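Below is one structure, written out as structure tokens; comments come after it.
Computed from heavy atoms alone, side chains included, the values below leave out hydrogens, waters and symmetry copies. As the structure is a prediction and not an experimental result, all values here were calculated from the model.
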Amino acid sequence: MTGLLAACFVLSLGCVGAAAPLPPYHAKAAAAAAGTVTPTVHCTLPAGQGEATGPQEMNVELSPPVVAPGGKVHARVTLGASPATSAIALDDVPTIPSLDLAMSGGATGTVTVRGAEFTMDVPAGQPIEIPAYEGDFLVPVDASGEISLAPVRTLTQTKVLGSVFETPCDVVGDVGSVGTVTAEGTTSEPATLTAPADPVRPNTSVKLRGSRWTPGATPVPSLCAAGGGGCDPLKFTSNTLRIDSYGTLTGTATLGEAGAVPDGGYQVKVNDGTKEATAPLTVKAVAAGNREISLSSDSGPVGSVITVSGRNYNPDRWINIIGLDAAGTGLDDSAVYVKSGADGTFAVEFTVISDAVAAVQADEGNDPATVRTLPFTVTTEGGGGGGTAEQRLTTEVRAGTLSMTQAGDTVDFGTTVLGTDTGTQQARLNRVEVEDARGVNSGWSLTATLTGFRSADGNTIPADAVRWTPACTARAGSVGAPVAGSPAALGSEAASLCRMSPDGSRPFTGGRFDADAGLTLTVPEFTRPGDYSATLTLTLL
């Protein structure tokens with residue numbers, strides 16, 4: 001292991017944080033409508049961190065003051081400090097802010113002002129304030145007269161560890177208008193949009209069609225709440241939408257996975273820069289109808305390999321397939337497992353292991369409500385008679401060895417900057433595979449010792465600055481259950497990573513077993529700078 005970890009990665013997030021300021025805002029030549037309100041907002045924090053409620057000042061500048069029906073309005077949003085804070089500090093977090101505004105008067109519905117993505121530093125334990133951001137929205141094509149806009153919800157999306165975390169803050173109660181625009185002029189011909197009437201699954205392509213769009217423009221799909229707010233283009237991972245020279249919209253938009261797009265009613269919105277339209281869309285991970293399984297054959301001799309298929313299952317879930325005897329008892333040695341696809345279907349080969357098989361059962365994630373069973377008949381081949389004969393088959397099995405291999409020989413804790421970092425860094429031991437092919441019941445033990453860290457200048461960090469939390473598992477088909485060692489500080493005394501004890505209930509133990517450990521290095525507060533290394537020795541007995 002060399003070096004020390006440079007930064008901490010934290011799964012939990014508070015509300016949004018500060019970012020670098022936007023370039024100076026240049027007002028339009030026409031006067032902008034602006035207003036400030038300070039409503040109470042109720043925020044739902046991501047990663048199960050709870051909720052926060054309190055006042056938040058909101059200012060919105062709208063321009064131009066007069067637009068044609070269907071015209072574009074530019075908005076500059078300035079938000080005061082959020083009622084929520086972050087328990088930890090995070091640096092350079094990609095962030096996208098948005099604000100939903102409810103229209104009244106000359107138009108109704110909800111529009112979304114979505115800002116551009118920027119990076120921000122999130123302070124710990126301090127009120128968090130987003131710099132002013134800007135975005136555009138279109139007024140409805142049937143708008144007429146003065147339109148008043150009032151905030152109803154803010155949404156902040158932060159990207160951490162490859163995932164998008166959302167912090168919605170709903171405005172509590174009615175609040176005053178933050179500005180008005182007036183729709184004047186001749187109404188334009190509205191674009192049309194159609195989406196599937198039947199429920200669609202997450203992580204699948206949704207066919208969209210429409211007419212009277214801007215010829216040659218680039219359409220962008222978003223998924224909105226049923227009321228029209230919270231429009232989010234990130235809910236679609238990709239699209240093939242295009243508008244031809246006649247203004248006809250065709251193509252598909254692919255929804256995100258089930259975790260990002262839960263079941264419910266939505267509005268899908270398409271915007272081509274000058275026109276937009278919406279259509280209702282229902283998302284349901286499990287399509288209408290019960291889960292169903294089928295067998296490629298419902299009878300056959302012992303040793304038959306049949307295909308078990310299913311449909312109407314949740315996507316990306318483990319499906320358990322097992323044979324049952326006549327009493328309905330599971331035959332453990334027959335079990336196979338398969339993951340359902342994005343469309344909720346699966347197919348897997350199943351082997352009829354004995355004449356005790358009387359049925360085949362499938363369930364989704366061990367949920368009793370999803371159990372489906374079909375009968376299977378074990379047959380004997382031939383027409384009877386003809387006599388019998390015997391042949392004696394022999395073979396020899398020799399004992400193998402106890403051995404281990406490791407996935408790598410270096411663990412890097414990165415870099416610590418003294419006086420700025422916490423000094424506590426994380427890493428993971430390279431995976432170790434133990435193979436016991438001896439065919440005996442004597443068990444085995446895998447332990448480790450660690451030297452102190454030493455730099456080229458002779459400076460040291462004690463070995464017990466490293467603690468580990470071991471983990472070990474048996475691979476499929478192995479005999480015996482390994483036991484992980486206890487969390488402990490490392491040093492010259494052997495610490496247990498994984499062990500297999502003799503098992504009196506079995507004739508032998510053996511197979512392949514994986515072992516690794518989470519590592520935590522706590523750098524002493526007063527440590528000489530330098531590159532440090534230490535040697536961890538694994539011993540298998």
Side-chain angles (χ1 to χ4, degrees), residues 5-23 41-58 60 75-101 112-135 151-171 202-203 220-225 229-238 255-262 266 421-422 426:
L5 188 62
C8 69
F9 292 91
V10 185
L11 285 175
S12 61
L13 287 177
C15 267
V16 298
L22 293 174
V41 297
H42 179 77
C43 302
T44 303
L45 307 185
Q49 296 179 90
E51 302 174 346
T53 302
Q56 184 174 23
E57 185 176 277
M58 300 180 181
V60 181
R76 176 179 169 86
V77 179
T78 304
L79 300 178
S82 166
T85 61
S86 174
I88 58 171
L90 295 172
D91 296 330
D92 298 327
V93 179
T95 303
I96 303 174
S98 63
L99 172 66
D100 287 345
L101 298 170
T112 299
V113 181
R114 186 176 177 86
E117 180 177 309
F118 59 84
T119 58
M120 68 180 184
D121 294 335
V122 180
Q126 301 178 23
I128 303 167
E129 190 170 349
I130 297 181
Y133 63 90
E134 302 176 41
V152 292
R153 189 183 81 148
T154 67
L155 176 67
T156 306
Q157 296 172 304
T158 50
K159 300 178 180 179
V160 179
L161 298 178
S163 298
V164 177
F165 293 87
E166 296 187 344
T167 305
C169 294
D170 294 315
V171 172
N203 202 23
V220 177
S222 298
L223 194 65
C224 312
C231 298
D232 183 4
L234 296 182
K235 291 296 191 292
F236 289 105
T237 57
S238 62
L255 283 168
E257 295 182 352
V261 187
Y266 297 89
D421 292 340
T422 63
Q426 307 289 334

**Fill in**
d(Arg114 CZ, Gln157 CD) to nearest 0.5 Å is 4.5 Å
**Message:** As an exercise, state the distance from OG1 of Thr237 to CG of Leu255, rounded to the nearest 0.5 Å.
**Reply:** 8.0 Å
**Item:** For the student: nearest non-hydrogen atoms of Met58 and Pro151, plus distance
**Value:** SD-CB, 3.7 Å
**Asked** Just how far is it from atom CG of Leu155 to atom OG1 of Thr167, taken to the nearest 0.5 Å?
**Response** 7.5 Å
**Asked** Do you know the tightest heavy-atom contact between Pro97 and Ile130?
**Response** CB-CD1, 4.1 Å
**Message:** To the nearest 0.5 Å, what is the distance between CG on Asp170 and CG on Asp100?
**Reply:** 9.0 Å
**Item:** Closest approach of Leu223 to Lys235 (non-hydrogen atoms, all atoms of both residues)
**Value:** CB-CB, 3.6 Å
**Prompt:** Is it the case that more than 12 heavy atoms not belonging to Glu117 sit under 6.0 Å from its CD atom?
**Reply:** yes
**pair Ile96-Leu234: side-chain heavy atoms closer than 4.5 Å** = yes
**Message:** Using every non-hydrogen atom in the two residues, find where Ala81 and Gln56 come nearest and quote the distance to one decimal.
**Reply:** O-CG, 3.6 Å
**Request:** Give the minimum heavy-atom separation between Arg153 and Gly230, together with the two atoms involved.
**Result:** NH2-CA, 3.1 Å
**Prompt:** Taking it one step at a time, do Leu79 and Thr154 satisfy side-chain contact (heavy atoms from CB on, under 4.5 Å)?
**Reply:** CA-CA 10 Å; Leu79 300 178; Thr154 67; 4.3 Å; yes
**Request:** Working to the nearest 0.5 Å, report the span between CG of Leu45 and CZ of Phe165.
**Result:** 12.5 Å
**Asked** Can you name the closest pair of heavy atoms from Pro55 and Pro83 and give their distance?
**Response** O-CD, 4.4 Å
**Prompt:** Listed by chain and number, what are the side chain to side chain contact (heavy atoms under 4.5 Å, CB included) partners of Thr53, not counting sequence neighbours?
**Reply:** Thr40, His42
**Message:** So if I apply the side chain to side chain contact (heavy atoms under 4.5 Å, CB included) rule between Leu101 and each of Val113, Val77, Val152, which one comes out positive?
**Reply:** Val113
**Message:** Using 0.5 Å steps for rounding, measure from the OG1 atom of Thr119 to the CG atom of Asp121.
**Reply:** 7.0 Å
**Asked** Ser222 and Asp232: side chain to side chain donor-acceptor pair (under 3.5 Å), yes or no, with the steps?
**Response** CA-CA 5 Å; Ser222 298; Asp232 183 4; over 6 Å; no
